[in-house]
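In what follows, a structure is listed as structure tokens, so that the remarks can point back to it.
Letters A, B, ... mirror the listed sequences (proteins, then strands); counts begin at 1. Quick note: numbers below take in every heavy atom, side chains included, and nothing from hydrogens, waters or symmetry partners.
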Number of protein chains: 2
Amino acid sequence: MSDDRRVETTETAPPTGREAVERAALEMFEEQGYAGTSVRAIAGAAGVDPALVIRWFGSKEELFLRVLTLTEKPVPDLSGPRETLGERLVAFALAPGQRDVRRDLTALVRASDSSSVRSRLRQITRTLFVERLVERLDGPNAELRAHLIASQLGGLLQSWDVAEDQNVAAASRDRIVSLYGAALQVLIDPPVK
Amino acid sequence: MSDDRRVETTETAPPTGREAVERAALEMFEEQGYAGTSVRAIAGAAGVDPALVIRWFGSKEELFLRVLTLTEKPVPDLSGPRETLGERLVAFALAPGQRDVRRDLTALVRASDSSSVRSRLRQITRTLFVERLVERLDGPNAELRAHLIASQLGGLLQSWDVAEDQNVAAASRDRIVSLYGAALQVLIDPPVK
DNA sequence: GTCTATATACCGATAGAC
DNA sequence: GTCTATCGGTATATAGAC
């Protein structure tokens with residue numbers, strides 16, 4: 001009575017208890033943030049008892065960290081000509097298809113009062129971005145430059161999110177890709193001095 | 001019975017009721033963030049009744065917004081040679097003396113689940129930085145470039161804060177000033193293309 | 001073992017007495 | 001104006017039913 005109940009959990013299956021909680025939690029954390037989402041609301045959306053959520057996942061924060069890993073989200077493609085990598089990174093970050101990634105990062109940043117969340121942010125930046133990017137950088141201080149490029153992208157995402165269709169977001173995406181891409185490119189290319 | 005009670009509220013005076021609440025609130029919001037600070041704790045530190053805090057300021061969020069305006073904090077000096085403005089902006093942002101400003105901005109970003117807080121962040125960026133910087137920028141898209149420079153600085157501050165003496169923060173400040181300053185400079189100088 | 005129901009302790013905010 | 005008492009909400013932990 002255990003083995004063959006779920007054949008393939010790719011999609012469309014009515015989620016079982018724990019999985020229903022994880023899906024509801026991810027959606028609500030993305031939508032309303034950590035503080036704005038209660039364990040009761042998650043449990044209600046998943047159709048389980050609130051106490052079970054704590055029972056299964058330990059705490060609200062553990063559930064948050066379990067669900068916001070970004071591991072199943074796409075990562076930027078770092079291959080291709082290095083001369084235009086800056087522009088392509090900006091275009092990737094602002095692409096409509098990456099909205100979920102942006103919302104996840106926003107939720108993590110806004111919950112970063114917790115040191116566990118800050119640690120998770122460092123881990124995501126390092127493993128999903130810096131470690132891959134540093135392989136493509138020549139010249140001195142490659143790792144520091146990769147971290148600073150990550151900082152640039154993080155700042156852009158934050159402004160994009162705070163702007164809410166004003167100022168920055170009102171400008172055409174193409175202009176931002178061109179301008180901000182050039183600023184990234186300075187740290188991609190080996191320093192001249 | 002009203003006019004001459006407080007002669008000068010510059011400094012050192014034992015803060016009266018409302019002012020004691022504002023000072024305690026600012027310090028605790030900077031230190032522990034919005035969610036980590038309770039109205040009860042603020043009232044306790046200020047020596048007043050918790051209910052009075054709500055009575056005087058309306059709500060916890062209104063008190064937060066009233067206190068986190070950055071209006072009394074120093075602003076970056078935008079005068080001087082424009083060729084080195086990028087480096088000077090980075091040096092200003094990371095200067096030990098600007099720690100309070102960084103903490104205020106961090107507290108605002110982490111509370112930006114609220115649209116009122118996002119609006120305050122936009123206002124601060126615009127009036128304290130973009131409007132002043134745009135006067136020093138030549139070439140097309142000056143306002144957009146100023147906003148993007150603000151994004152770069154915001155991203156650096158966020159990384160600096162999340163890093164916590166690891167990675168980015170471990171590198172020497174001078175190297176960051178040089179590298180990241182050059183990236184800012186690309187948006188300060190008029191675009192070549 | 002798995003889940004239900006309940007208990008504790010805190011929060012922001014309010015009503016109403018003084 | 002000030003403060004006591006309290007309301008409805010939260011997260012978390014536990015006792016006990018199945």
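- A:Trp56 has no side-chain polar atom (N or O) that falls below the 4.0 Å cut-off from OP1 or OP2 of C:dT2.
- A distance of 12.0 Å separates CG of B:Leu184 from CG of B:Leu179, quoted to the nearest 0.5 Å.
- One interatomic measurement links the two molecules: CG of A:Leu63 to C1' of D:dT12, which rounds to 14 Å at whole-angstrom precision.
- Here side chain to side chain donor-acceptor pair (under 3.5 Å) pairs that include residues 81-92 of chain B, with residues two or more places apart or in two chains, are B:Arg82-B:Asp138, B:Thr84-B:Arg88.
- Salt bridge B:Lys73/B:Glu30: present, at least one basic N to carboxylate O contact under 4.0 Å.
- A salt bridge is defined here as a Lys NZ or Arg NE, NH1 or NH2 lying under 4.0 Å from an Asp or Glu carboxylate O, and B:Asp161 with B:Arg110 meets this definition.
- Legend: residues meeting ring-ring contact (aromatic ring centres under 6.0 Å, His included) with B:Phe129, ordered by chain and number and at least two apart, are absent.
- In this structure, the CG atom of A:Leu52 is 15 Å from the P atom of C:dT6, given to the nearest Å.
- For the pair A:Phe57 CZ and C:dC3 P, the interatomic distance rounds to 12 Å; values are reported in whole Å.
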Reading nucleotides 11-17 of chain C from the 5' end, what letters show protein touch, with B for base, S for backbone sugar-phosphate only, - for no heavy atom under 4.0 Å? BBSB---
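- Listed for the A:Lys60 side chain is a donor-acceptor partner under 3.5 Å among the backbone atoms of A:Tyr34.
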